[in-house]
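For the numbers below, each heavy atom of this structure counts, side chains included, while hydrogens, waters and symmetry mates do not. Order of the sequence lines fixes the chain letters, A, B, ..., with proteins taken first and strands second; residue numbering starts at 1 for each chain.
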Amino acid sequence: MILEKEFYERETITVARQLIGKKLTRKIKNTKLTGIITETEAYRGKDDSASHAATNLTKRNSIMFGPAGMSYVYFTYGMYFMLNVIAKSKKQNAGAVLIRGIYPQDGIEIMIKNRGMKDINNITNGPGKLTIAMNISMKENNLDLTKKSSIYISEGITPKKINKLPRIGISKAVDKKWNFSINSKDYF
DNA sequence: GCTCCGATGTACT
DNA sequence: GTACATCGGAGCA
């Protein structure tokens, strides 16, 4: 079952935690690439100084202020794309969940080819890595992930234990533990 | 296993 | 100009 819009219309941190273990599907023509989400991070609105939406609405971050369940893809460090899902309650002005890692399920051979590496544990375990493996770029920005289109998220596994850690790669609001992940032994 | 560092484009000051 | 929600390779252990 594809997750419905209501799933994303809740507090960003709640959605980030509950996305762990869900199945991410990327469809390219007739091929299907899937993986179990193993790591996420919550980014809120003006109350979160590390978020793109901490300041006013700009061209890049405008999607974070829009409807929940849409994709937000942006380009960073001159060479990497990041995949986010808009998730926010009615009370929040903005919010998104960064998909930081997945564990490959279907189309593993294609993802290995896209990445040019063959270690299955090293092809989609980072936000820049998984977008390369799944061929995600700005073309996939602002898509409706609650519909069966080229990217969607559906029910997956029920994680045994979810880790809660500070977010990675940021310099502001480092005290907030809004990074969620599962260990490899708990994937199945 | 670790730490260090360059690559590279865009938004924003 | 500078910072950036990153990665892989080099060097060392």
Working to the nearest 0.5 angstrom, can you tell me the gap between [X] [atom1] and [Y] [atom2]?
| X | Y | atom1 | atom2 | answer |
| --- | --- | --- | --- | --- |
| A/S51 | A/K176 | OG | NZ | 11.5 Å |
| A/T146 | A/I2 | OG1 | CD1 | 8.0 Å |
| A/I153 | A/T25 | CD1 | OG1 | 9.0 Å |

| query | Can a salt bridge be assigned to the pair A/R167 and A/D175 using a cut-off of 4.0 Å between side-chain N and carboxylate O? | reply | no

| request: Consider only side-chain heavy atoms of I, L, V, M, F, W and Y, link residues closer than 4.5 Å, and tell whether A/M82 and A/M64 are in one cluster. | output: yes

| request: Is it possible for you to check whether A/R10 lies under 6.0 Å from the centre of the six-membered ring of A/Y8, through NZ or CZ, and within 45° of that ring's axis? | output: no

Are any side-chain N or O atoms of [X] and backbone N or O atoms of [Y], one a donor and one an acceptor, separated by less than 3.5 Å?
| X | Y | result |
| --- | --- | --- |
| A/Q92 | A/T12 | yes |
| A/T40 | A/L19 | no |
| A/R115 | A/I123 | yes |
| A/Q18 | A/V15 | no |
| A/N141 | A/V73 | yes |
| A/K88 | A/G66 | yes |

Over how many whole Å does the gap from [X] atom [atom1] to [N] atom [atom2] extend?
| X | N | atom1 | atom2 | answer |
| --- | --- | --- | --- | --- |
| A/R167 | C/dA5 | CZ | P | 10 Å |
| A/N56 | B/dA11 | CG | P | 17 Å |
| A/F75 | B/dT8 | CZ | C1' | 7 Å |
| A/H52 | B/dC12 | NE2 | C1' | 12 Å |
| A/I132 | B/dA7 | CD1 | P | 18 Å |
| A/N61 | B/dT10 | CG | C1' | 14 Å |
| A/K172 | B/dC12 | NZ | C1' | 11 Å |
| A/L83 | C/dT6 | CG | P | 14 Å |

| Can you check whether A/S51 has a side-chain N or O nearer than 4.0 Å to OP1 or OP2 of C/dA5? | no

Is there any protein nitrogen or oxygen under 3.5 Å from a nitrogen or oxygen in nucleotides 3-6 of chain B, and what are the pairs?
none

Can you give me the N/O atom pairs linking the protein to nucleotides 8-10 of chain C at distances under 3.5 Å, or say none if there are none?
from, atom 1, to, atom 2, distance (Å)
C/dG8, OP1, A/R115, NH1, 2.8
C/dG8, OP1, A/R115, NH2, 2.5
C/dG8, OP2, A/K129, NZ, 3.2

Identify whether any heavy atom of [X] sits under 4.0 Å from a base atom; if not, whether one sits that close to sugar-phosphate; answer base, sugar-phosphate or nothing.
| X | value |
| --- | --- |
| A/G128 | sugar-phosphate |
| A/S171 | sugar-phosphate |
| A/L98 | base |
| A/M64 | base |

| request: State the dot-bracket string of DNA chain C. Criteria: Watson-Crick or G-U wobble, both atom distances under 3.5 angstrom; notation: ( ) intrastrand, [ ] crossing earlier pairs, | interstrand, . unpaired. | output: ||||.|||||||.

| Per A/M79 side chain, nearest of listed nucleotides B/dC12, C/dA5, B/dT8 | B/dT8

| query | With rounding to whole Å, what would you report as the distance between C/dG8 and B/dT10 at their C1' atoms? | reply | 22 Å

| Could a donor-acceptor pair under 3.5 angstrom be found where the side chain of A/Y77 meets the base of C/dA5? | no

